[in-house]
Number of protein chains: 2
Amino acid sequence: MARDSSKTRRRLIAAADGLFYGQGIRAVGVDAVAEAAGVTKRTLYYHFASKDDLIAAYLAERDLPTLGRYQRMIPEGEASAEQRIRRIFEQLGKNAEDPRWRGCSFLRAAAEFANLPGHPARLVASRHKRRFEAWFEEVLAADGFGEAAALARQLMILLDGAVAQILIHREPSYALAAADAASTLLERTNKSKKRSAHRRGGAGGLPGAHLG
Amino acid sequence: MARDSSKTRRRLIAAADGLFYGQGIRAVGVDAVAEAAGVTKRTLYYHFASKDDLIAAYLAERDLPTLGRYQRMIPEGEASAEQRIRRIFEQLGKNAEDPRWRGCSFLRAAAEFANLPGHPARLVASRHKRRFEAWFEEVLAADGFGEAAALARQLMILLDGAVAQILIHREPSYALAAADAASTLLERTNKSKKRSAHRRGGAGGLPGAHLG
DNA sequence: GTCTATATGCCGATAGAC
DNA sequence: GTCTATCGGCATATAGAC
């Protein structure tokens, strides 16, 4: 089987995911990851050139699923962009109530490797947040918002800002404060610059296995 | 000399500050801290019961000076609260241009110890952010804003959200996006709920040795 | 209060067998 | 592709002398 998709490799990434997200990347040794995956350290080093390589694979594996989970929170066409985006912040607050919630894996990785700008984990984290911001921009533009790019940036700031405050205070209600701020920003732009009307309705969605 | 204020103890905290902020707390061993302070490890353990104790002292030492640096960025009575608060975000962007900038030490500590809610570093970080939020509330209330507490929370979210994005993307311009968002939130509240007029003028201020 | 020396264990990474 | 065994180094923390 190809080295990139072997069962063992996937088991190692899954084990790394649980340990790195749960305890922190630098706090977990490769011994623990190998043991959790049920293989020896030597096998881990057959599949990954280094711990840094494993870290990058762990984050890359989270990239699209994380974005997809947020996208599924706000089904297209069932409500206005304002309502759909508000739902994202509300869902963040609910997710943060789970004791296993540890904030955003990408933000935490950037914090852990703040002194290593070229670290592979940093590249994956930056790419993920760019994708997220681009998606926000699409959602806003599709609903007729002007200055969608600038608004999308502000929403990213609010989202990670809420994550940061919740992480620091262990207080999920900061997500609602961020939701209010987002509503204000969108409402304000809506009234002055939005170019077309929106649809109406409600939206559903449940948190997946991942929490970040 | 009292153990809490001895020169050696202060040298150890200063050494820890440079290393922990520069490279991350878990990335730095006590050996490195002791060597940077010019003492042996045994002396470090005379002054601090454990590395966790040293970590807490490192953050506690940053608490009030960090808040004070922000407070000095916006001298009281020289401008409206809107202008003074905008200046904070602009200054964050300037500080982040320094290659030694590594984001917020409290946020990064919370990220590193996300799995240890009772860790002394977490307590210091939470306390610091509470103080910061309370100060924002004072500034807003003193300028006649209604809902100052809710607005102060939103500003904290924007501030740490900007720090997070800058850290992830190495892109200080996110501070300006946050500044615009803050202006919008304040302007909007200003127009609908502010209770009194404000003064006018400009403000000065320079970044200190600390960057967090 | 500071030193030398050490205890004990985990760190990331590798050699070589099968 | 996975194993056993191990390398050299660094982790936090401590014993005991002065």
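Within every chain, numbering begins at 1; the chains are lettered A, B, ... in the order of the sequence lines, protein sequences first and strands thereafter.
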statement: Here the distance between atom P of D/dT12 and atom CG of B/L54, to the nearest Å, is 10 Å
- request: Before accepting this row, confirm whether a basic side-chain N of the pair A/K129/A/E133 lies closer than 4.0 Å to the acidic partner's carboxylate O.
  value: no
message: So, does B/T40 get its side chain near the phosphate of C/dC3, meaning an N or O under 4.0 Å from OP1 or OP2?
response: yes
message: By nearest atom, which of the nucleotides D/dT12, D/dT4, C/dG12 is closest to the A/K51 side chain?
response: C/dG12
- request: Give a yes/no answer on whether the side chain of B/S6 brings an N or O atom under 4.0 Å of OP1 or OP2 in C/dG1.
  value: no
A/K41 side chain, from C-beta outward: closest of C/dT2, C/dA13, C/dG16: C/dA13
Nearest to side-chain heavy atoms of B/T8, which nucleotide of C/dT2, C/dG12, D/dT2: C/dT2
field: Touch class at under 4.0 angstrom, heavy-atom based, for A/V28 against every strand present
entry: sugar-phosphate
query: Looking at the side chain of A/R42, which of D/dT12, C/dC3, D/dT4 is the nearest nucleotide?
result: D/dT4
message: What verdict does the side-chain hydrogen bond (donor to acceptor under 3.5 Å, both in side chains) test give for B/R86 and B/S183, after you've listed the backbone C-alpha separation in whole Å, the side-chain angles of each residue and the deciding distance to 0.1 Å?
response: CA-CA 7 Å; B/R86 166 166 279 274; B/S183 291; 3.1 Å; yes
- prompt: For A/I55 and C/dC11, what is the distance between atoms CD1 and P respectively, to the nearest whole Å?
  reply: 13 Å
field: Separation of atom CG in B/D31 from atom C1' in C/dC11, rounded to whole Å
entry: 13 Å
message: Measure CD/A/E35 against C1'/D/dT4 and give the value in whole Å, please.
response: 16 Å
- request: Take the protein atom CG of B/L12 and the nucleotide atom P of D/dT12, then report the distance between them rounded to whole Å.
  value: 14 Å
- prompt: So, A/D160 side chain and B/G161 main chain: donor-acceptor pair closer than 3.5 Å or not?
  reply: no
field: Integer-rounded Å distance: C/dC10 P and B/R26 CZ
entry: 16 Å
Whether B/Y58 and B/F20 hold their rings parallel, tilted or perpendicular, with breakpoints at 30° and 60°: perpendicular
task: Write down the distance between CZ (A/F20) and P (C/dC11), rounded to a whole number of angstrom.
output: 11 Å
task: Could you label the plane-to-plane angle of the B/F113 and B/H119 rings as parallel, tilted or perpendicular, counting under 30° as parallel and over 60° as perpendicular?
output: parallel
query: Rounded to whole angstrom units, what separation is found between the CG atom of B/L19 and the P atom of D/dT12?
result: 12 Å
field: First of A/V30 and B/V39 reached from the 5' end of DNA chain C, by closest nucleotide
entry: B/V39
- prompt: Where the side chain of A/Y46 is concerned, which of C/dT4, C/dA13, D/dG1 is the nearest nucleotide?
  reply: D/dG1
